[in-house]
Protein chains: 2
Amino acid sequence: MCPGGTPRAAAAAPPEPRVTKQRVAVGDALDTLNDFVTTQELHRLMADDGASVSLATTYRILQSLADDGLVDVLRNGDGEAIYRRCSVSAHHHHLLCRNCGKAVEIEAPAVEAWAAKTAATHGFTSVNHTVEIFGICPECSAASQPATQP
Amino acid sequence: MCPGGTPRAAAAAPPEPRVTKQRVAVGDALDTLNDFVTTQELHRLMADDGASVSLATTYRILQSLADDGLVDVLRNGDGEAIYRRCSVSAHHHHLLCRNCGKAVEIEAPAVEAWAAKTAATHGFTSVNHTVEIFGICPECSAASQPATQP
DNA sequence: CGTTAGGATGAGAAGCATTATCAACAAGCT
DNA sequence: AGCTTGTTGATAATGCTTCTCATCCTAACG
Ligand SMILES: [Zn+2]
Ligand SMILES: [Zn+2]
Ligand SMILES: [Zn+2]
Ligand SMILES: [Zn+2]
């Protein structure tokens with residue numbers, strides 16, 4: 001019975017990440033934001049805030065959080081990964097400002113069903129999808145066009 | 001009358017790209033494919049096919065084609081740009097195999113309407129969107145699981 | 001058909017984001 | 001407190017993409 005194994009962890013218990021001050025700092029920084037940011041942007045924000053976390057570690061922690069589904073990851077127009085803490089753990093999508101990064105979380109059951117049906121129709125398996133809407137948010141539009149109105 | 005200007009090109013006529021053998025080679029290579037490919041993949045394919053186009057030029061031409069809307073561009077899971085010749089010029093999306101790159105073009109008016117409405121509801125302007133479905137195509141599924149069925 | 005101006009190309013350097021290394025460190029456990 | 005092992009930081013390395021610039025070639029013109 002259970003040959004050569006530690007008492008717990010029957011098969012392959014994934015070890016939980018340790019609670020380090022760097023990990024806490026990243027978590028706190030994410031909590032103060034409701035915008036999507038790149039790893040480098042978050043690193044700079046933390047540095048400006050006094051928290052000292054190396055860039056390499058910021059990359060590592062964000063990737064780890066993403067792997068565990070604790071943050072949302074998607075790609076900006078340049079193909080760079082951008083991160084944001086999920087407010088809901090369920091599957092959802094985003095409407096985000098390509099100028100300031102502000103994001104609105106969106107749920108669209110109809111789109112989910114459409115995607116699943118479309119994939120099934122063509123015999124595709126192991127399906128996932130990306131559905132993101134990019135635009136300029138009201139604040140950014142207002143800022144760029146103060147008063148003129150043709 | 002038209003001081004200091006060439007006869008044509010009243011305001012800012014965008015100069016058409018010249019027809020070079022490199023541009024033709026890229027066009028031909030794209031025509032032989034119905035899969036999405038990265039710039040480097042296309043460069044290798046052309047090299048294998050005898051066509052000699054430098055990597056830098058391949059980058060330039062694909063970007064140019066994309067800017068003119070002559071090829072579809074999207075991002076794979078790694079954030080790399082992947083290209084494919086549009087069979088339809090109208091706006092559409094794709095269902096593509098993340099293993100072999102094969103793509104099916106999809107039109108979904110309902111999704112278009114949903115995206116526009118969602119953006120408008122939140123006051124976003126200059127809106128565009130990405131809607132892509134990734135999966136494993138029937139051929140690739142069959143290849144990876146020949147006969148076993150637990 | 002020869003000339004010519006300027007866009008296009010190739011080869012390599014440069015830029016940049018991301019990842020890999022590895023010694024030093026510290027979180028968690030006994 | 002002491003030990004074990006996951007984490008961190010500084011830096012090198014990797015690899016994709018862009019830039020530079022001398023040369024080449026297309027397109028237009030005489
Ligand atoms: Zn905004
Ligand atoms: Zn979805
Ligand atoms: Zn396939
Ligand atoms: Zn669409």
Side-chain angles (χ1 to χ4, degrees), chain A residues 5-9 12-29 36-47 49-68 70-71 73-83 101, chain B residues 2 4-9 12-29 36-47 49-68 70-71 73-83 101:
Chain A
T6 54
R8 307 192 176 186
E16 318 255 321
R18 292 182 180 174
V19 178
T20 65
K21 65 182 178 188
Q22 289 86 351
R23 212 160 249 266
V24 172
V26 169
D28 289 347
F36 275 90
V37 291
T38 65
T39 304
Q40 308 222 13
E41 285 169 348
L42 190 67
H43 176 250
R44 171 159 316 206
L45 287 172
M46 289 190 296
D49 217 35
S52 177
V53 180
S54 76
L55 181 59
T57 296
T58 307
Y59 272 103
R60 282 188 288 239
I61 292 176
L62 283 176
Q63 279 179 339
S64 170
L65 291 174
D67 290 342
D68 295 343
L70 298 175
V71 298
V73 198
L74 52 88
R75 303 269 175 179
N76 66 13
D78 296 325
E80 299 173 326
I82 51 181
Y83 301 88
Chain B
C2 243
T6 55
R8 304 186 181 190
E16 319 255 322
R18 293 182 178 175
V19 178
T20 64
K21 66 181 176 189
Q22 289 85 353
R23 211 158 250 265
V24 172
V26 169
D28 288 348
F36 274 90
V37 291
T38 65
T39 303
Q40 308 223 11
E41 285 170 349
L42 189 67
H43 175 249
R44 171 161 314 206
L45 287 172
M46 289 190 295
D49 217 35
S52 176
V53 179
S54 76
L55 181 58
T57 297
T58 307
Y59 272 103
R60 281 188 288 239
I61 292 176
L62 283 175
Q63 279 179 339
S64 170
L65 291 174
D67 289 343
D68 295 345
L70 298 174
V71 297
V73 197
L74 53 89
R75 303 269 176 179
N76 65 13
D78 296 325
E80 297 174 325
I82 52 181
Y83 301 88

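In what follows, chains are A, B, ... by sequence order, proteins preceding strands, each numbered from 1. Heavy atoms only: backbone and side chains are in, while hydrogens, waters and symmetry mates are out.
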d(CG, D67(B); P, dT18(D)) in whole Å: 10 Å
The helix from dC1(C)-dG30(D) to dT30(C)-dA1(D): angle between end helix axes, five pairs per end, rounded to 10 degrees: 30°
In whole angstroms, how far is the P atom of dC16(D) from the CG atom of D78(A)? 18 Å
For residues R75(A) and I82(A), determine if any side-chain heavy atom of one lies less than 4.5 Å from a side-chain heavy atom of the other. no
So how far is it from F36(A) CZ to N76(A) CG, rounded to the nearest 0.5 Å? 11.0 Å
Among residues 58-66 of chain B, which contact DNA chain D at a heavy-atom distance under 4.0 Å? Y59(B), R60(B), Q63(B)
Residue whose nearest DNA chain C nucleotide is more 5′ - T57(B) or Q40(A): T57(B)
dG9(D) C1' sits how many Å from R23(A) CZ, rounded? 16 Å
Quick check against the 3.5 Å criterion: does D78(B) have a side-chain atom that pairs as donor or acceptor with the backbone of E80(B)? no
Side-chain N or O of Q22(A) versus OP1/OP2 of dG9(D): is the shortest distance under 4.0 Å? yes
A81(A) and V73(A) have their tightest heavy-atom pair at CB-CG1, 4.2 Å
Contacts of R23(A) that satisfy side-chain contact (heavy atoms from CB on, under 4.5 Å) - sequence neighbours left out: P17(A), T20(A), I61(A), S64(A), L65(A)
Check whether any side-chain heavy atom of T39(A) lies under 4.5 Å from a side-chain heavy atom of Y83(A), and answer yes or no. yes
Quick check against the 3.5 Å criterion: does T58(B) have a side-chain atom that pairs as donor or acceptor with the backbone of S54(B)? yes
Boundaries of the chain A footprint along DNA chain C (any atom under 4.0 Å from a heavy atom): dA17(C) to dG28(C)
Show me the protein contacts with nucleotides 26-30 of chain D, counting only N or O atoms at under 3.5 Å.
unit_1	atom_1	unit_2	atom_2	d
dT26(D)	O2	R18(B)	NH1	2.7
dA27(D)	OP1	V19(B)	N	3.0

When A56(B) and V53(A) are each assigned the nearest nucleotide of DNA chain D, the 5'-most assignment goes to V53(A)
May I ask you to test the Y59(B)-H43(B) pair for a side-chain heavy-atom distance under 4.5 Å? no
Spacing of H43(A) atom NE2 relative to dA10(D) atom C1', expressed in whole Å: 12 Å
Whole-Å gap separating P (dT7(D)) and CD (E16(A)): 11 Å
Tightest non-hydrogen contact, residues A29(B) and M46(B), listed as CB-CG, 3.7 Å
Take the protein atom CG of L55(A) and the nucleotide atom P of dA12(D), then report the distance between them rounded to whole Å. 15 Å
So D49(A) and L45(A), do their side chains get closer than 4.5 Å, heavy atoms only? no
Between atom CZ of R44(A) and atom CG of L55(A), what is the distance when rounded to the nearest 0.5 Å? 10.5 Å
Can you sort out the partners of E41(B) under side-chain contact (heavy atoms from CB on, under 4.5 Å), two or more places apart, ordered by chain and number? V37(B), T38(B)
